[in-house]
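To keep things clear, I will list the structure first and then write my remarks on it.
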Amino acid sequence: GRLVPVETLVGATRWLLGRTGDLAGRTVVVTAGGTHEPLDPVRFLGNRSSGAMGFALAQAALDRGAEVRLVTGPTNLDPPYAAAVTRVETAAEMLAAVRAATATADALVMAAAVADYRPASPSPSKIKKRSAGDQRSLELVENVDILAAVDRPNLVRIGFAAETDHLERHAVEKRRAKGLALLVANDAVATIGSDHSTALLVDADGAVERLPMLAKTDLAAIIIERLGALLPPPRPAKDR
């Protein structure tokens with residue numbers, strides 16, 4: 001018979017070992033990757049997000065016993081064993097998928113780098129160059145803020161902020177504005193596309209904790225550990 005890939009064996013073993021973890025019986029929605037906003041049938045606006053942080057978070061939640069629903073933009077990564085995966089391209093598609101996935105979830109960990117804007121009028125056919133030195137302008141419209149749009153009682157929401165300046169100030173402001181249980185902020189240039197991250201954690205009281213440079217897998221484990229502490233006690237089965 002055909003040999004099972006080592007990655008599948010490792011993933012299955014981690015999933016089995018995690019079934020008695022502190023997130024057993026919980027459903028966690030994780031978003032990952034960037035989004036692609038179409039300019040025409042072959043071009044898009046995007047960013048350099050690899051999806052590594054979101055995939056690491058999904059694995060960390062599985063390791064602690066959670067049922068994980070992973071909503072991911074385009075990425076070259078293989079999803080963790082036992083994660084229920086929904087693949088999307090645009091911010092609008094991600095919003096619809098997150099709304100559906102969180103309807104019966106305990107937590108949302110929003111690690112995706114969602115485009116803030118999209119082209120107002122994508123061309124139905126490939127945009128052609130008109131002449132040498134041709135200049136074009138591009139009208140953009142704002143996408144819906146998914147974290148702001150997906151909010152309901154008892155849904156613990158953790159957000160991410162990638163900034164290029166005034167990291168701590170922007171992080172504290174963003175956490176307060178969105179009413180998040182926890183916000184993870186990092187330097188956009190140093191973090192996006194890298195396997196490592198230097199992060200700030202801002203909690204619901206506005207307290208800021210600076211973490212050292214960590215592999216994204218280690219940072220993910222810390223974030224999911226904090227998530228376990230933020231969740232309210234599970235309701236008795238008869239009340240669900």
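Predicted, not measured: the structure shown is a model, and the values here were computed from it.
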*Using the test side chain to side chain contact (heavy atoms under 4.5 Å, CB included), find all partners of P5 that sit at least two apart in sequence or belong to another chain.*
E7, T8
*Nearest atoms (heavy-atom pairs only) where P124 meets P41*: O-CG, 3.2 Å
*Side-chain hydrophobic cluster, 4.5 Å single linkage: members besides V10*: V6
*So which pairs with a foot in residues 52-72 pass salt bridge (Lys or Arg N to Asp or Glu O under 4.0 Å), sequence neighbours left out?*
R14-D63, D22-R64, E67-R69
_Which residues pass the ring pair (Phe, Tyr, Trp, His ring centres under 6.0 Å) test with Y81, not counting sequence neighbours?_
none
*Can you sort out the partners of A185 under side chain to side chain contact (heavy atoms under 4.5 Å, CB included), two or more places apart, ordered by chain and number?*
A161, L167, A171, L183, L200
*For A66, all residues meeting side chain to side chain contact (heavy atoms under 4.5 Å, CB included), sequence neighbours excluded*: L23, V28, A61, V68
*asked:* Suppose clustering is done on Ile, Leu, Val, Met, Phe, Trp and Tyr with side-chain heavy atoms closer than 4.5 Å. Which residues sit in the same group as F44?
replied: none
_D40: partners by salt bridge (charged side-chain N to carboxylate O under 4.0 Å, His left out), with sequence neighbours left out_ = R43
*Name of the residue among V30, L108, V88 meeting side chain to side chain contact (heavy atoms under 4.5 Å, CB included) with V71*: V88
*Which atoms form the tightest heavy-atom contact between D165 and H170, and what is the distance?*
O-ND1, 3.0 Å
*What residue pairs, at least two apart or across chains, pass side chain to side chain donor-acceptor pair (under 3.5 Å) with a residue in residues 109-126?*
R118-N143
*asked:* Tell me every residue that passes salt bridge (charged side-chain N to carboxylate O under 4.0 Å, His left out) with R152, counting only those two or more places apart in sequence or in another chain.
replied: none
_Residue pairs, two or more places apart or on separate chains, that pass salt bridge (Lys or Arg N to Asp or Glu O under 4.0 Å) and touch residues 86-103_ = none
*Contacts of D205 that satisfy salt bridge (charged side-chain N to carboxylate O under 4.0 Å, His left out) - sequence neighbours left out*: none
